[in-house]
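Numbers restart at 1 for each chain; the letters A, B, ... are given by sequence-line order, proteins then strands. Because the structure is predicted, anything quoted here is derived from the model rather than measured.
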Amino acid sequence: MTPSDTQVEEARSALQTKKVVNDFSIRVATVNGTGSQTSNLVLLRALFQMGIPVTGKNIFPSNIAGLPTWFIIRASRDGYLSHTRDSQVLVALNPETAEEDVHTMPTGSAIIYDEPLTLDRLRDDVVFYAVPFNKLVTPICRDPKLRKYVRNMIYVGVLAHLLAIDRDEIARALNKQLGRKKKALEMNWAAIETGWQYAQQHLPKRDPFILEPMDQNRDKILIDGNTAAALGCIFAGVTVVSWYPITPSSSLGEALIDYMKKYRIDRETGKATFAIIQAEDELAALGMVLGAGWAGARAMTATSGPGISLMAEFSGLGYYAEVPAVIFDVQRVGPSTGLPTRTMQGDLLSTAVLSHGDTKHIMLFPGSAWECYTMALEAFDLAEEFQTPVFVMSDLDLGMNYWISDPLPYPDRPPNRGKVLTEDDLQRLGRFERYRDVDGDGIPYRTIPGTPLPAYFCRGSGHNEQAEYTERPDAYVRNMDRLARKFETARQRVPAPEVIDHPRARVGIIGYGSSHYAILEARDHLRQQANLETAYLRIRAYPFNEQVEAFVRRYAPVYVVDLNRDGQMRDLLKLDLPAELTPRLRSVRHYDGHPIDARHITDDILSQEASL
Amino acid sequence: MTPSDTQVEEARSALQTKKVVNDFSIRVATVNGTGSQTSNLVLLRALFQMGIPVTGKNIFPSNIAGLPTWFIIRASRDGYLSHTRDSQVLVALNPETAEEDVHTMPTGSAIIYDEPLTLDRLRDDVVFYAVPFNKLVTPICRDPKLRKYVRNMIYVGVLAHLLAIDRDEIARALNKQLGRKKKALEMNWAAIETGWQYAQQHLPKRDPFILEPMDQNRDKILIDGNTAAALGCIFAGVTVVSWYPITPSSSLGEALIDYMKKYRIDRETGKATFAIIQAEDELAALGMVLGAGWAGARAMTATSGPGISLMAEFSGLGYYAEVPAVIFDVQRVGPSTGLPTRTMQGDLLSTAVLSHGDTKHIMLFPGSAWECYTMALEAFDLAEEFQTPVFVMSDLDLGMNYWISDPLPYPDRPPNRGKVLTEDDLQRLGRFERYRDVDGDGIPYRTIPGTPLPAYFCRGSGHNEQAEYTERPDAYVRNMDRLARKFETARQRVPAPEVIDHPRARVGIIGYGSSHYAILEARDHLRQQANLETAYLRIRAYPFNEQVEAFVRRYAPVYVVDLNRDGQMRDLLKLDLPAELTPRLRSVRHYDGHPIDARHITDDILSQEASL
Amino acid sequence: MSVTTSSPKLNRIGLPLAAYKGGKTTLCAGCGHNAISERIIEAFFELGVDLQWVAKFSGIGCSSKSPAYFLGGTHAFNGVHGRMPAVATGALLANRRLIGLGVSGDGDTASIGIGQFVHLVRRNVPLIYIVENNGVYGLTKGQFSATADLGSTLRNGVVNDLPPIDICSLSIELGATFVARSFSGDKKQLLALLKAALSHRGLAVLDVISPCVAFNDHEGSTKSYKYVKEHDDPLGDVHFIPSYEDISVNYEPGTTRDIRLHDGSHLLLSKLPEDYDPTDKMAALRMLDDARKKGEHLTGLIYIDTNSKDFIELLNLPDEPLATLPVEKVRPPKEVLDEINESFR
Amino acid sequence: MSVTTSSPKLNRIGLPLAAYKGGKTTLCAGCGHNAISERIIEAFFELGVDLQWVAKFSGIGCSSKSPAYFLGGTHAFNGVHGRMPAVATGALLANRRLIGLGVSGDGDTASIGIGQFVHLVRRNVPLIYIVENNGVYGLTKGQFSATADLGSTLRNGVVNDLPPIDICSLSIELGATFVARSFSGDKKQLLALLKAALSHRGLAVLDVISPCVAFNDHEGSTKSYKYVKEHDDPLGDVHFIPSYEDISVNYEPGTTRDIRLHDGSHLLLSKLPEDYDPTDKMAALRMLDDARKKGEHLTGLIYIDTNSKDFIELLNLPDEPLATLPVEKVRPPKEVLDEINESFR
Ligand SMILES: Cc1ncc(C[n+]2csc(CCOP(=O)(O)OP(=O)(O)O)c2C)c(N)n1
Ligand SMILES: Cc1ncc(C[n+]2csc(CCOP(=O)(O)OP(=O)(O)O)c2C)c(N)n1
Ligand code: SF4
Ligand code: SF4
Ligand SMILES: [Mg+2]
Ligand SMILES: [Mg+2]
């Protein structure tokens, strides 16, 4: 026995003794279009139902069928809901990537694989379980076309047995996933049973990974951010939606269609209390939203990077003519077409100043599926309060992956429709100037079409307080200054940051959006590994509230976590903070398209701290 | 006599004694569409020919006929070529604005007006000259339709007499302006003569403003920036132009058409050595440019704000797929449609990051008509050297107004076509990887269509060194890092700033583009008025060359002069400079749509200095 | 279509003609667009349209400025170049009670805006869509639009060698439900067509030939360019726009009329006969094609389909405007959210 | 048009069929787009096209991915969604020797891209433009495109109630010089049309019906949706895409063929008769209209015009590519600049 062999042997026996309970992650490597997403969601849901903190990350390709796809399910006893780079359990079903998949696994992992792939020849520091999927599938599925699908359900059974997932929870999860389709249920259950039994009979447990019920998910829900966002829009009372399909925002549009059809048809009249239009492109989508917003509707669109670029001209019109609009940007990897099915926070800087001229936009940054919902509600209020486009900057990770969340709260107040003058108001006031700063907050009053005359002429060209066309320099400057004032007013009205101070902290971390959970976990790492206590501020909106500045004053250095190459939030802070504070900012950047993991943040901060 | 009357009287007699030679400005207020632009250009040109440093600013409305328009001709003995807010001579021909026009004039001004307007009732601290334009026009113009035009030529004659403009120079200028149209020449000359004679007979000189020949314009030319830019493109060897009309860039496209038709038709074959396409919109315009650039042509477009917004998506493609393109942004006042015929530097920030994702663009900032020409030459070289879109950020003031300039220099080197591999290269090298950083400068090699196979697949989606489609995180990051490296390389290859150091200077000024001449003049004011010696750096490109940083290190505070509300160049500097330097930056902003004047800069700097 | 030309002092809702006027035009004297504004004023006045419910839309161009010059004080949205259809669609869905009137130019519609126009037609959005068609970009000083006639020439000598887009036949091809063409100077016909459009349910496309006096390039303008050079241009000044009188014509159905424009160019208009049946799509296309071959512009109500549903109906919208539905109608009750939350447990 | 089906080992320029293949497809098994790629390979091989001069263009979509799967190693530009016409136009003007082949989808062409398509047609750019038409957005998982048939239904129950844009009749209306329709599974016809397109000077529009096996919504798919539900869907899984064989048909000119697609829906194809005259524009439009009324898709070379100038000719370009003109040709001599400077003195 060579020394390395001894080490391996030791590792192995260690495995067999020390159980690892609810603290590992499962990576399923398959081919897309084979329906494995359903199998994976059944697994995810079963763990959720078992009360275990769990997350699911779908790493899928930008095509419909036939390319490699991975699904990573992380169970975390400690409640960490972020992505991990390492997994400990692998299901290797894709011949194309199987070898590389095996090599990425850490020593001691458990690997379930398709027998003909003979992956066990590759390493001996991991535990292999061979499953003859093809042999197992034939008896339960006569239709050869469906076999590649049924194979995927088999691994659910195998994993359930090996990891001790509650069979009833699997059954419940399957039910939930498939609804009332009886035939489908039967066939799927048969496949799961087959896997289970095969594992029971042929795969004695040799790895330490075990799932045990917990009680962490009481009253929680499992939801993706796009569905949550769509529901937020519905409860915000959206009436006009215009969208153009684009990954990863399409499921937001589609959830809107599904729920609106169900819950927003007037009982009495059978009429739709909404209009959803699939526009011909994103220019038209935002154009329709602006038309509708001008006419008084709560209107929105959802898109992703390329769509945002196409909306540049109309966004500037919305800003300058002061028309409310809600725009969801479910960000993906750019530039250009980039990696359409990978996640990134890459559109911040260009969206903040989207459109030529001195344009500035309000942005919201949901940090959870729950906030995708609540910020949808807030976005409509802000758009109408400030009469301007509001961008909700979600991303693929938030939008398309499944997250444990508190239940969605019913709105506690009626929609804020902003400064809209009614017929009565007009009569009372006797006059109306569309762009006059009556209240000193930069926000003017508006009327909506259908209100008695005189109305105002809405335009993207130069105008004075009375909305009349003018090229006068003084009128132009007055108007632009008022718009700047309005933006300043927004500073204190947008969602405030979430701040976690710490008396012993020197170092601060600023994050936003989908990096939230990874930062929470990294803070624990930093405390545990390096005894580095950190304070944390999660930005929830742009323009930045004064608390952001106060935080940067309190801590130094402040690490700004960005999911992009250029450190775009760091850049926005540089533009916004008093210049003397910006030397405090450092950048932690992650931009390979995968969700950010805590380890990346921890390592980066530690190495920057070391290099001080 | 009341005391104020005394003052007036004093001023008046002062006027009559002290001659003001070649140091005042003439404001002509007319109605657009009446052909006054021709009259004004005749005046401008006559002064130019007299050897007097002179500039002309056209403040015109965004319509075709019937709205107020002003033309301001400044004669400056001291060679100041920038705009001034105050004029000393007014031609008030537009009834709609005449009263306001009169009120804006300083005490002691000379005002020529249309007699029936009876403007002399308005003030008595200025000199009025009433001219009965209608009476004068009838005998020389039988066609009533043309009379509003001929009226305008009359004031040329009146001014020529009052200000002592050389009649021969007027005649030469008229000839130059109208070319060989005999009938037109006759009619126009008659009108000028009429004005001259009327002044001679009825308007004894009562004001101090006089023009005298100088010798400052030897070998100089008088040219607008758009024409200069078009000529630069032609001598750069542009072959494909695609554009969509938009003020104030249209005259660039139109100059290209005119000159290409004249100078770029192959003598032997009679064929056009260029293609100019009027695209259906700006998206298409840039799309065509990218297609042509990919195919190896030197290709360009010219547009303004709204067009830049529409080019956002294609700009990102150009950046990411690495396709050369030259884009002129002749900036006008935004946001949105804004004031299409007014000037601004409002697109810097949004253009720097134009398109979603981590996109960054090279920008050039011509500071004179001469540089509109030379930077056109440089833009094509840079676009091909860096295989990326290059934005030339001109503005309406530079582009459409007339400037005294050194003659345009013939290019001193052949076009730099960048790293293009020919058939021979390919054979010699034996292999070709489109996106490999062979030289460590981030710039890869390319081939152009028609080169033997294997070619590469140009795409806006994720790709590796071999230009193959990939979604691999590592390949994505490598490629993005290389693009960032390429941008760093550009830092030292783009036009370096122009730096004027001064041993006694503490304060620095940073400017760019059309504010150049106003800054030069303001520096003199500051020295003369406040004994404040300043250093000056004129930025000529983004990304910033290291000299910019060094300058900011040498001086503090550094005033950044921006023609926009938000201080966009200041913002770009904040993003780019080491954070510890940014507290040195202050902002001087001007954004009413008129060209910036030295007084504005002087006053702003002095008040900021005072408030320190 | 009956034509009312005598206008009483007050209309049926008790308003004078003056109530339908707008701001002072800033377009060139003699511009066809001004004449169209006049007809719009008359049509809305004569039909007694309640101005509170009017929503005017436009893009960018001289034509697109004109909504400021008629029906003053009404609700209006002047958007960006070529994208008026989207804005109008959104607004009309938000409030179905609005009477939508869109004014665009040929550049705005057929060049940059053709994509949105195509989809507007497909959707049959209830909107009167007027193309004030002069074959040039007026506001940017006379470049060709996509409706410029083959062979027409600009002042700088550039010749158009691309075939024009025919707004009418294109609309018919795309399934438009009301397609008409007229001439800005044909008061009687244009007024009648506007009134007809006002009573149409669905999109009404009105392609109105509207000569540009500053940069005309209509059929025969090769000739007109020469004409100008030889007869009318002692100034040699591109910055001078002469004032012209409005052109006005009046001719009978079934006849052809040769119109001489200010710059000497000619326009051949042929009016559909009275007994023409505008419900046959293929026949309409053939009529247009025949006229085109003769160098004529066919005018009149070329095609109509009164059976198709408009976009409001297709979307099954309620009678009340979406924009002002009360919160109870647009925010489902708490029980619904409970049910939804439950579905994610 | 003569059709060659027997392919010799090497073609006229001495290359084997393999030289014309591309990368392995990543589209669904049975996707019509793959069959079209096969025909492109055959056509280019059989005509012995010199691959060095081929330039492939596409937008975004499953269809637009396919240029990676044929004529591998040739020059290619995969641009952004719906804007391929502009990119192709620019490239082909830069280098007129290129043989331009564009592949687009119905979403890419008829929805987001219709504006650029219209102007591409107007310009008669020398390009083969294939629309791989499946009535849906494949790549974004099955929403309707603007060519979706009226009444077709998506898996989520959404019904299309807007009329489809007919690429062929629209192209003819706009003055296209080569307009054909085929079906991805009709090897013989499609191959022949591709070869014809290759020899056309000007824009060749090929509208190829190309069923999507994952999200089909062709004519009758209301039925097909039900059909899927009742017969074939024991899985209830939207993430599962079954593999299908390619559909292949072969039928005679002048006949109609009812094609059953994988999901049970039907497609009625009717092939133009041999004696059909494709040079009469109005007749072509009427043929299309008649077929449409019968619920049939007319296939074949529907319209051709060989007399019109293409865009290269209109622009009076030299024989050599603009891209590689030597500097002497594109930079006027110093004397010219001197002359110009003088003119500004
Ligand atoms: C995105 C954008 N591109 C270009 C312009 C410049 N522009 C203003 S009006 C116009 C053309 C208008 O032509 P048309 O619609 O025919 O109107 P007309 O002036 O002839 O009535 C153009 C190109 C613009 N405003 N916005
Ligand atoms: C600007 C932009 N909007 C949306 C998308 C998302 N998208 C990608 S492909 C596609 C539709 C493709 O449909 P089609 O052209 O019919 O191709 P198919 O997949 O059906 O072959 C869409 C909407 C995009 N890539 N870019
Ligand atoms: S330029 Fe032409 S279109 Fe514009 S207002 Fe004048 S006449 Fe009318
Ligand atoms: S989704 Fe449809 S269009 Fe896309 S590859 Fe699959 S079958 Fe083809
Ligand atoms: Mg026009
Ligand atoms: Mg499709």
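In this structure, C:His75 and A:Gly450 approach most closely via the heavy-atom pair NE2-N, 3.4 Å. Closest non-hydrogen pair, C:Leu322 versus A:Phe274, comes out as CD2-N, 3.6 Å. When all heavy atoms of A:Lys176 and C:Glu342 are compared, the pair lying nearest together is NZ-O, 3.4 Å. Contact record, A:Trp294 with C:Ala55: CH2-CB, 4.1 Å, taken as the closest heavy-atom pair.
Stacking of A:Lys220 on the aromatic ring of C:Phe344 is not recorded, the 6.0 Å distance cut-off and the 45° axial limit not both being met.
For chain A, the nearby parts of C:Pro67 are the backbone and the side chain; heavy atoms of each come within less than 4.5 Å. In this structure, chain C has a heavy atom under 4.5 Å from the side chain of A:Arg45, while its backbone stays farther away. Proximity to chain A is limited to the side chain of C:Arg123, based on heavy atoms less than 4.5 angstrom apart. With a 4.5 Å cut-off on non-hydrogen atoms, A:Tyr373 touches chain C through its side chain but not through its backbone. Interface remark: A:Val240 contributes side-chain atoms only to the contact with chain C (heavy atom separation under 4.5 Å). Contact of C:Arg97 with chain A is not made at all, since no heavy-atom distance falls under 4.5 Å. Of the two parts of A:Ile404, neither the backbone nor the side chain holds a non-hydrogen atom closer than 4.5 Å to a non-hydrogen atom of chain C. Only the backbone of A:Ala236 comes within less than 4.5 Å of a heavy atom of chain C; no side-chain atom from C-beta onward does. At a 4.5 Å heavy-atom cutoff, the contact between A:Ala284 and chain C is made by backbone and side-chain atoms alike. Heavy atoms closer than 4.5 Å to chain A are found in both the backbone and the side chain of C:Thr74. A:Asn217 does not touch chain C: none of its heavy atoms, backbone or side chain, sits under 4.5 Å away. Only the side chain of C:Leu98 has a heavy atom closer than 4.5 Å to any heavy atom of chain A. When heavy atoms are compared at a cutoff of 4.5 Å, A:Ser405 does not approach chain C at all.
The closest donor-acceptor contact from the side chain of A:Arg264 to the backbone of C:Val330 lies under 3.5 Å. Within the 3.5 Å criterion, the main-chain N or O of A:Gln49 finds no donor-acceptor partner in the side chain of C:Arg345.
With chain A as partner, the option from C:Leu93, C:Leu315, C:Ile340 having the largest number of non-hydrogen pairs under 4.5 angstrom is C:Ile340.
Residue A:Thr269 holds its OG1 atom at 10.5 Å from CG of C:Leu317, rounded to the nearest 0.5 Å.
The shortest side-chain heavy-atom distance between C:Val87 and A:Phe314 falls under the 4.5 Å cut-off. By the 4.5 Å heavy-atom criterion applied to side chains, C:Asn78 and A:Cys458 are not counted as neighbours. The shortest side-chain heavy-atom distance between C:Leu337 and A:Tyr263 does not fall under the 4.5 Å cut-off. Counting heavy atoms from C-beta on, the side chains of C:Lys329 and A:Glu268 come closer than 4.5 Å. The shortest side-chain heavy-atom distance between A:Met288 and C:Pro85 does not fall under the 4.5 Å cut-off. In this structure, the side chains of C:Pro318 and A:Asp266 stay at 4.5 Å or more apart for every pair of heavy atoms. Looking only at side-chain heavy atoms (C-beta outward), C:Arg331 and A:Tyr410 come within less than 4.5 Å of each other.
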Residue pair C:Glu320, A:Lys271: steps toward the salt bridge (Lys or Arg N to Asp or Glu O under 4.0 Å) verdict: CA-CA 10 Å; C:Glu320 319 84 67; A:Lys271 296 288 182 176; over 6 Å; no

